[in-house]
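In what follows, a structure is listed as structure tokens, so that the remarks can point back to it.
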Amino acid sequence: MSAILQELLRASEKAACIARACRQEDALFQLLIEEKKEGEKNKKFLTDFKTLADVLVQEVIKHDIGKKFPGLENQIAGEESNEFTNELGEKITVKVCATEEETAKLLQKVLDNNEAASKALARVVHQDVSLTDPALSAISVDIPWSNIAVWVDPIDSTYQYIKGSSDTEPNKGIYTKGLQCVTVLIGVYLIDTGLPIMGVVNQPFATKDPKTLRWKGQHYWGLSYMNSNICSLQFTANGESHSTPNVNSLQQGGKGKDFYSAVTSSAEAKNILSSLSAICGENLHFAAGAGYKCLCVVQGLVDFYVFSEDTTFKWDSCAPHAILRSLGGGILDLSECLKMLRHQNVLTEKPHLLYNSEVEGATGADRWSNKGGLVAYRSEEHLKSFMYNFLKNLPHQK
Ligand code: 2IP
Ligand code: CA
């Protein structure tokens, strides 16, 4: 199984390279930031370059994984469809072709014959990327292939990817907005139970070299299957294991928990914000990107990520969910938790988000939304009391 995780990691790095290239190569960046003019608003073409970048990254991930593990590409799903219609009304299926030249030719059809951009894009799509983690080689877990499927979010936080500044400053390590909030998310779940078991979160724009102004990425992986729980954060760069310090308990001088910290979306409802502020005070943070907010929990920068709306999707949460499980945490359905607390006054079980079933009666992307909202946590230790306090402080119960 470590071979699959290795490949997911490599694919996520290839995706990150494409994401960086689209921002750093002028021929591509110009397309990325190009605004639709009023009369062009209906043209599903060129101006949708950001969608093309998304789709292409998704196709590269599928293609590369399928090449290594034939058949698995059919079990990979994501937000994007790879069908484009260009200005001439031609339907084009965006895919990775056998050669760089062929891919460039195909892209040219979508990119209004922009040869320079098509060639630049095809070059990164076909480039060899190697990324291995020595810690992964030691893992041997036997998971039946026929029982796994994959959720991919090729570029999460698309808005920050296009408009995001590269010069934002973090608050207690957390970026409210900016390129740091962009992530590539690849999560594997079991088809029969719907539980996530492997995940890779790649942050293409983690740090910027002040001299070269080039971005460096960062990646995180986790595996949680049967009795195996392994996460990249447990290893040093040489693959040696070490225990992961909890940032919050360090910040508190190890005194134990007398405050909670949380991250949420700026789109969160007022009553939820009011309860979170009452509990967390100045330790309530806002950040863009569902994947990035989960990453803040994975890194121990906050205890919880709480969101009550139905605007995150399976592809947003599957990968970090697997990583959080590997650390002893998880992502639960918020509305189910609150229901349980209201009726039984305690969290009798943990309603983990599941990845194998659609929302009943929903259509389009909404079929795969995390309908009841979510609460992501890294440690079970304070989950129950946090949730209890959260419900107690809710002005109007949702
Ligand atoms: C989005 C993205 C947004 C998030 C939204 C996701 O995915 O992560 O940032 O909203 O839930 O679906 P918010 O930042 O308010 O949490 P994408 O960028 O891939 O559409
Ligand atoms: Ca997303």
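By convention here, the first residue in the shown sequence is residue 1. Remember, it's 1-based here, ligands and their atoms both numbered in the order they're listed.
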Regarding [X] and [Y], do their side chains bring together a donor and an acceptor under 3.5 Å, going by distance alone?
X: T99; Y: E102; answer: yes
X: K95; Y: N82; answer: no
X: N229; Y: S326; answer: no
X: E169; Y: Y175; answer: no

Is it true that R20 and E13 make a salt bridge, defined as a side-chain N closer than 4.0 Å to a carboxylate O?
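Looking at R20 and E13, the cut-off is met.
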Any donor and acceptor pair, going by atom type alone, linking the side chain of N202 with main-chain N or O of A16 inside 3.5 Å?
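No, the answer is negative, given that no donor and acceptor are paired below the 3.5 Å cut-off.
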When you check the space around the Ca ion (ligand 2), which protein N, O or S atoms turn up under 3.0 Å?
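Near the Ca ion (ligand 2), below 3.0 Å, one finds D153 OD2, D156 OD1, D316 OD1.
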If you count every heavy atom of other residues, nucleotides or ligands that lies below 6.0 Å from E381 atom CD, does the total exceed 12?
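No, CD of E381 has 12 or fewer neighbouring heavy atoms, counting only those of other groups under 6.0 Å.
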Give me the one residue out of W315, Y355, W151, F313 that meets ring pair (Phe, Tyr, Trp, His ring centres under 6.0 Å) with W368.
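Only match with W368 under ring pair (Phe, Tyr, Trp, His ring centres under 6.0 Å): W151.
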Proximal protein residues to ligand 1, non-hydrogen atoms under 4.0 angstrom
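Near ligand 1, by chain and number: E79, D153, I155, D156, S157, T158, S265, A288, G289, A290, K293, T311, T312, F313, D316.
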Do F304 and Y377 have ring centroids that are under 6.0 Å from one another?
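That pair fails the under 6.0 Å test.
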